[in-house]
Trainee: 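Please read through the structure below; I'll follow up with questions.
Atoms considered below: every heavy atom in the structure, side chains included; atoms not considered: hydrogens, waters and symmetry mates. Nothing here was measured: the structure is a model prediction, and the numbers come from that model. We count residues from 1, following the sequence as given.
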Amino acid sequence: MKRGVVIVAASLLLLAAAGCGSSSSSSSGGTTTEESGGGGGQKTIAGVQANDHGTKAVEDKGKTEVELDDFYFKPTVLEGKAGQKVTLELKNEGNTEHSFTIDSQGIDKDIQPGDEAEVTVTIPKSGVVSFYCKFHKSSGMAGALAVTGQSGGTGGMTDTGTTTGKGYGY
Ligand SMILES: [Cu+2]
């Protein structure tokens, strides 16, 4: 009898908490990125879970700047013409050492905090090529080279912006 009262009281409290808590729900679970429900900016790029900081077309002439930070590449996906050679200017703006590594192209460049480095990469003929930081790949520090216009279909990259879904009522 006593226990039933307690349970009812508890569930009333829960209801009350749920009712007024929704307006000010700023408790987003701390700083871990274990399961970011869409807002955290993680996506699977070329089969690698990566912290997404945008897609950019590479420069036709000149260098394309890529920022290395703790712990992401920005831009994260570089798009160019199939087979195009691209010079990347890598800038480590983080507080720890990072690397720019592409296994299939024999590239493995270590960059100290505040330093810059240049690498020449090749946009794949089709699909995507994964690059990553060998120190922080498991933290989602990865990205990809992709052929312009093909990134939506290949390698499991999710292309946002094309999901309209609703609104076709006309
Ligand atoms: Cu790193």
Side-chain angles (χ1 to χ4, degrees), residues 26-165:
S26 57
S27 57
S28 51
T31 51
T32 50
T33 52
E34 283 171 355
E35 49 169 302
S36 47
Q42 274 216 339
K43 69 177 180 181
T44 305
I45 299 171
V48 181
Q49 188 78 0
N51 301 323
D52 179 31
H53 285 257
T55 297
K56 200 178 171 227
V58 297
E59 306 287 336
D60 260 341
K61 291 161 187 161
K63 297 163 197 163
T64 303
E65 199 176 299
V66 178
E67 178 189 329
L68 290 76
D69 215 323
D70 310 338
F71 300 95
Y72 58 85
F73 294 95
K74 182 184 176 181
T76 307
V77 178
L78 296 164
E79 288 187 338
K81 298 187 198 108
Q84 181 185 4
K85 282 207 185 306
V86 182
T87 303
L88 302 181
E89 190 171 357
L90 308 169
K91 292 187 174 178
N92 186 350
E93 300 188 358
N95 296 309
T96 184
E97 183 182 4
H98 295 297
S99 84
F100 184 92
T101 306
I102 304 179
D103 292 329
S104 59
Q105 297 186 12
I107 295 168
D108 183 19
K109 201 94 179 168
D110 293 354
I111 304 141
Q112 299 296 326
D115 263 4
E116 297 179 20
E118 263 184 41
V119 292
T120 301
V121 301
T122 308
I123 302 292
K125 292 253 160 55
S126 66
V128 290
V129 164
S130 168
F131 62 77
Y132 60 91
C133 166
K134 65 188 174 195
F135 306 111
H136 308 110
K137 187 184 184 184
S138 61
S139 304
M141 189 164 176
L145 309 172
V147 181
T148 307
Q150 286 191 15
S151 60
T154 5
M157 290 207 291
T158 42
D159 189 16
T160 50
T162 51
T163 46
T164 7

Trainee: Measuring only between side-chain heavy atoms, which start at C-beta, is S104 closer than 4.5 Å to I102?
Mentor: yes

Trainee: If you look at every heavy atom in E79 and I123, which pair is closest and at what distance?
Mentor: C-CD1, 4.5 Å

Trainee: Nearest 0.5 Å, please: how far is CD in E67 from CD in E89?
Mentor: 12.0 Å

Trainee: Measure the NZ-CG distance between K91 and D115 for me, rounded to the nearest 0.5 Å.
Mentor: 12.0 Å

Trainee: Check whether the side chains of D70 and H98 place a donor and an acceptor atom closer than 3.5 Å, and report yes or no.
Mentor: yes

Trainee: Among Y72, F100, F73, F71, whose ring-ring contact (aromatic ring centres under 6.0 Å, His included) with H136 holds?
Mentor: F71

Trainee: Do you know which two heavy atoms are closest between N51 and S139, and how far apart they sit?
Mentor: ND2-O, 3.0 Å

Trainee: Is there side-chain contact between K137 and V48, with at least one heavy-atom pair below 4.5 Å?
Mentor: yes

Trainee: So which atom in V129 and which in P124 form the shortest heavy-atom distance, rounded to 0.1 Å?
Mentor: CG2-CB, 3.7 Å

Trainee: Taking side chain as C-beta onward, heavy atoms only, is Q105 less than 4.5 Å from L145?
Mentor: yes

Trainee: If I compare all heavy atoms of K85 with all of T122, which pair ends up nearest, and what's the gap?
Mentor: NZ-OG1, 3.3 Å

Trainee: Regarding S99 and D110, is there a side-chain donor-to-acceptor distance under 3.5 Å anywhere?
Mentor: no

Trainee: Determine whether a donor-acceptor pair (N or O, by modelled atom type, separation under 3.5 Å) exists between the side chain of T148 and the backbone of G80.
Mentor: yes

Trainee: CG of L90 to CD1 of I107: how many Å apart, nearest 0.5 Å?
Mentor: 9.0 Å

Trainee: Which pair of non-hydrogen atoms, one from K81 and one from D60, has the smallest distance, and what is that distance?
Mentor: NZ-OD1, 3.0 Å

Trainee: With a sphere of 6.0 Å drawn around NZ of K56, does it hold more than 12 non-hydrogen atoms of other residues, nucleotides or ligands?
Mentor: yes

Trainee: Set out, in order, the CA-CA distance, both residues' side-chain angles and the distance that settles side-chain contact (heavy atoms from CB on, under 4.5 Å) for L88 and L78, then state yes or no.
Mentor: CA-CA 10 Å; L88 302 181; L78 296 164; 3.8 Å; yes

Trainee: Evaluate whether atom NZ of K134 has more than 12 neighbouring non-hydrogen atoms of other residues, nucleotides or ligands under 6.0 angstrom away.
Mentor: yes

Trainee: Can you tell me how far the CG atom of L68 sits from the NZ atom of K109, to the nearest 0.5 Å?
Mentor: 12.5 Å

Trainee: Hey, what do you get for OG1 (T96) to CG (D69), rounding to the nearest 0.5 Å?
Mentor: 11.0 Å

Trainee: Which atoms form the tightest heavy-atom contact between T55 and K43, and what is the distance?
Mentor: OG1-NZ, 4.5 Å

Trainee: Working to the nearest 0.5 Å, report the span between OG1 of T76 and CG of D52.
Mentor: 5.0 Å

